[in-house]
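Source: prediction; values computed, not measured. Positions are given from 1, in the same order as the sequence printed here. Start at 1 and go down the list; that is how both ligands and their atoms are numbered.
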Amino acid sequence: MNPALRKTVIAGNWKMHKTPAEAKALLGELLPLVKDAACQVIVCVPFVDLPAALEAAAGTCVAVGAQNCHWETSGAFTGEISPAMLTSMGVSHVILGHSERRTYFGETDQTVNRRLRAALQAGLCPIVCVGESLEQRQQGITQEFVSMQVKIALQGVSREELRRVTFAYEPIWAIGTGRTATAEQAGEVCAGIRATLAALYGKECAQGTTIQYGGSMNAGNAAELLAQEDVDGGLIGGASLKAPDFAAIVAAAR
Ligand code: PEP
């Protein structure tokens, strides 16, 4: 990470875990542990937990995010939540294009692009997830594949809007598997994403964009991953569900 050039961001992705009462309890434990955080801290919680999380985190250094949003403002889209619904509650961040949404719910690079443009238009700060499968890594096409995901996601996104976008490089083979990318692998792909951003928006914009690593990041490996120049934080799944573990990752981002 390079805090002189860009924000360091540690974000928790709670996935489909925690009822509102459990969310309140987890944040009650977490907030005192991260009150002196030297980086930006975000918790991305299930939709039903947003009110409880927003209430618990009000006035603290922790921002609250959702895990997806639709591209329309309203309409006949049963089961969906619009960006405007999120901002109306005070939600500031949203994860888009997580590999679990791509794998299980038919998310494509094109729908990620639509969601991203809508989220930006509504004033949200999106965290856009990209990353290769194990097969793609073994075929040696990781950089091209990730670069293509970044390019499609950003179609129609202005330089000004890019300032609110964070990328999360999440190799699919490392998510929830306990198998972490080496610091070098993470650094290499995050640097590749930055090179793609530089080609699209210029070097200055690219240097200012936060690029996280995600995939079995934990208290034990966070410092090494974050020591990479182009790894500006983490998107944390499993370890974000335990307050001491998540707080230890936040502490590693000093
Ligand atoms: C994630 O869900 O974005 C993630 C990185 O999960 P985990 O930390 O559990 O691998």
Side-chain angles (χ1 to χ4, degrees), residues 1 8-18 22-23 26 30 34 39-47 49 53 62-69 93-105 107 109 112 115-116 119 125-134 136-137 142 145-146 149-150 153 165-183 185-187 189-190 193 210-226 228 230-253:
M1 60 195 185
T8 303
V9 182
I10 301 293
N13 172 16
W14 290 9
K15 312 195 188 201
M16 196 175 71
H17 293 287
K18 305 292 174 189
E22 289 166 347
L26 177 53
L30 177 69
V34 297
C39 62
Q40 182 172 16
V41 182
I42 308 165
V43 288
C44 297
V45 306
F47 288 129
D49 293 345
V62 174
V64 174
Q67 297 170 14
N68 191 24
C69 67
H93 291 75
V94 63
I95 295 172
L96 296 175
H98 192 280
S99 69
E100 286 152 16
R101 296 224 56 91
R102 294 178 190 257
T103 303
Y104 306 127
F105 302 103
E107 191 79 68
D109 291 329
V112 172
R115 292 182 207 279
L116 176 60
C125 299
I127 298 173
V128 179
C129 301
V130 292
E132 83 287 3
S133 65
L134 187 56
Q136 287 160 340
R137 175 158 285 273
T142 296
F145 182 77
V146 170
Q149 287 184 312
V150 170
V165 179
T166 293
F167 280 92
Y169 165 55
E170 299 207 307
I172 298 170
W173 46 272
I175 298 177
T177 58
R179 183 175 170 188
T180 318
T182 64
Q185 286 171 327
V189 183
C190 289
I193 293 172
T210 296
I211 304 173
Q212 304 170 308
Y213 167 78
S216 300
M217 196 189 250
N218 58 44
N221 59 28
E224 195 189 350
L225 287 158
L226 294 170
Q228 292 287 315
D230 287 294
V231 177
D232 307 316
L235 181 56
I236 325 294
S240 71
L241 296 170
K242 291 192 184 118
D245 293 10
F246 189 60
I249 299 171
V250 170

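Listed by first then second residue, pairs satisfying salt bridge (Lys or Arg N to Asp or Glu O under 4.0 Å) with a partner in residues 231-241 read R6-D232, R194-D232, not counting sequence neighbours.
Near ligand 1, residues N13, K15, H98, E170, A174, I175, G176, G214, G215, S216, L235, I236, G237, G238 each place a heavy atom inside the 4.0 Å sphere around the ligand atoms.
Side-chain contact check for R137 versus Q185: some heavy-atom pair is nearer than 4.5 Å.
For the atom pair CG of L241 and CD of E22, the computed distance is 10.0 Å after rounding to the nearest 0.5 Å. Between the CD1 atom of I193 and the CD1 atom of I211 there is a distance of 5.5 Å, given to the nearest 0.5 Å.
Between the R102 side chain and the G97 main chain, a donor and an acceptor come within less than 3.5 Å of each other. Formation of a donor-acceptor pair under 3.5 Å by the Q67 side chain with backbone atoms of N13 is not found in this model.
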